[in-house]
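Reviewing the structure listed below.
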Protein chains: 2
Amino acid sequence: MSASKRDQLVQNALQAFYEGGFHAIGMDRVAKETGVSKTAIYKHFRTKDELVLATLRLRDEQFRNWLVRRVEALADDPADQLLAVFTALGEWFDEPGFKSCMFIKASSEYQDRDEPIHRTAAEHKKLLQKYFSMLAKKAKLIEPDEVARQILILKEGAIVLAHIYGSKTVANDARRAAETILGASLARN
Amino acid sequence: MSASKRDQLVQNALQAFYEGGFHAIGMDRVAKETGVSKTAIYKHFRTKDELVLATLRLRDEQFRNWLVRRVEALADDPADQLLAVFTALGEWFDEPGFKSCMFIKASSEYQDRDEPIHRTAAEHKKLLQKYFSMLAKKAKLIEPDEVARQILILKEGAIVLAHIYGSKTVANDARRAAETILGASLARN
DNA sequence: ATTAACATTAACCGATCGGTTAATGTAATC
DNA sequence: GATTACATTAACCGATCGGTTAATGTTAAT
């Protein structure tokens, strides 16, 4: 199997797990929906968990790339970019295929914090927090790290609620909350 | 089976699903851990999904009762009560058995919004939102409904992050964000 | 043309899935 | 004491779980 075929397998498995859930989608189903035989899959991944890990690593890269690019397209000023996060989220929520965050779902199904899959989800969130922290520092906020953590909390809450009851206002509510928080952290300057 | 024994079955099943996940815990396992035979379980619940629904209804009642009582014990003023939500959450996060919110996990494993289990999770969140809305109105905030939705977003985000990487500051961060939001909504009065 | 190396297929493994059925135990009614 | 009603047990159902193995292609080097 060529490298690109392996990538396609991971991409298709990612799609299957995202749409169907990790435990609910079996390896036979993965084989069928990716067009790759089970034997071929197990040639590249020793266990299902390793395949799941590969899909999460791909998702991490895809999601953070998408977010950073979309945010940079939406705003120039770092403070505005922190708010643009929620504009981008709102666009994501409106996509027909939106089904919450893959890492929240992964941590829901692999609950133990020392499981590699759970740890991968945690690392993804840490990287997002670092990104927000960098923006908050560039925006010269008083307490950039705390604000970054709060932005992350708003982001995760918005995703969960957008998935649970597809509210059209949730991205907007989160954005306005972020505006208030940023406003308070700027005002003290 | 007496009514109280049925309640015990649901309570034990709730514990098993909360700790192990809905798809990961099979009915044989439920039977073993509740001490009730599978046949006896299926006398009261036609399907596994109906048992899951029963556990969610119980959890909804338990969680909201706990939250309201804890909040009322922590503060008298309605605005302070909205902040006390996050103090209560922090206590919950510190409990050894804490493993995220059962309804977030349910909506992660039963993703389709028209599934009864998913809808039950949505109703739980709606009821919390109503509770926050009532407090916000009693606190005479300018935009009580919007603030209530934002408090809910902060709550869900805090739960997710507390579960994913057990941060000790996440409840505090959310609380301070709520303080800022409430402060802004009071200041305009 | 033969052989060696690699992919792919599909049958198979024991275990478990959600759910049912037949047999056994137990208690109350007659 | 026989009968009825109900609980409980455990064996069982086909399907699917994660994972393996043997057989079959296919390709490339000899």
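Throughout, a chain's letter reflects where its sequence line sits, starting with A, and its residues are numbered from 1. For clarity, every value in this text was computed on a predicted model and none was experimentally measured.
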TODO: Step by step, work out the side-chain hydrogen bond (donor to acceptor under 3.5 Å, both in side chains) result for B:Arg175 and B:Thr87.
DONE: CA-CA 7 Å; B:Arg175 188 192 155 100; B:Thr87 306; 2.7 Å; yes
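Side-chain to base pairing of A:Thr39 with C:dA10: one donor and one acceptor N or O lie within less than 3.5 Å of each other.
Here the side chains of A:Lys125 and B:Tyr165 are in contact, with some heavy-atom distance below 4.5 Å.
Between the CD1 atom of A:Ile117 and the P atom of D:dG18 there is a distance of 12 Å, rounded to whole Å. Whole-Å rounding puts the B:Tyr42 OH to D:dA7 P distance at 19 Å. The distance from atom CZ of B:Arg6 to atom P of D:dC6 is 18 Å, rounded to the nearest whole Å. In this entry the distance linking CZ of A:Phe22 with P of D:dG18 reads 13 Å, nearest Å. Taking atom CG of residue B:Asp28 and atom C1' of nucleotide D:dC13, one finds them 13 Å apart after rounding to whole Å. At whole-Å resolution of the value, CD1 in B:Ile41 and C1' in D:dA10 are 14 Å apart. Rounded to an integer number of Å, the gap from CE of A:Met27 to P of D:dG18 is 7 Å. A straight line from NZ of B:Lys38 to C1' of D:dA7 spans 17 Å, rounded to a whole angstrom.
Using a cut-off of 4.0 Å between Lys/Arg side-chain N and Asp/Glu carboxylate O, A:Lys105 and A:Glu109 are scored as not salt-bridged.
Which of C:dT20, C:dG18, D:dG19 sits closest to the side chain of A:Thr47 comes down to D:dG19. In the set D:dG19, D:dT9, C:dG18, D:dT9 carries the atom at the smallest distance from any side-chain atom of B:Ser37. Nearest nucleotide to the A:Lys43 side chain, out of D:dG18, C:dT20, C:dT8: C:dT8.
For the pair A:Lys99 and A:Tyr18, the cation does not sit on the ring face, since its NZ or CZ is not both under 6.0 Å from the ring centre and inside 45° of the axis.
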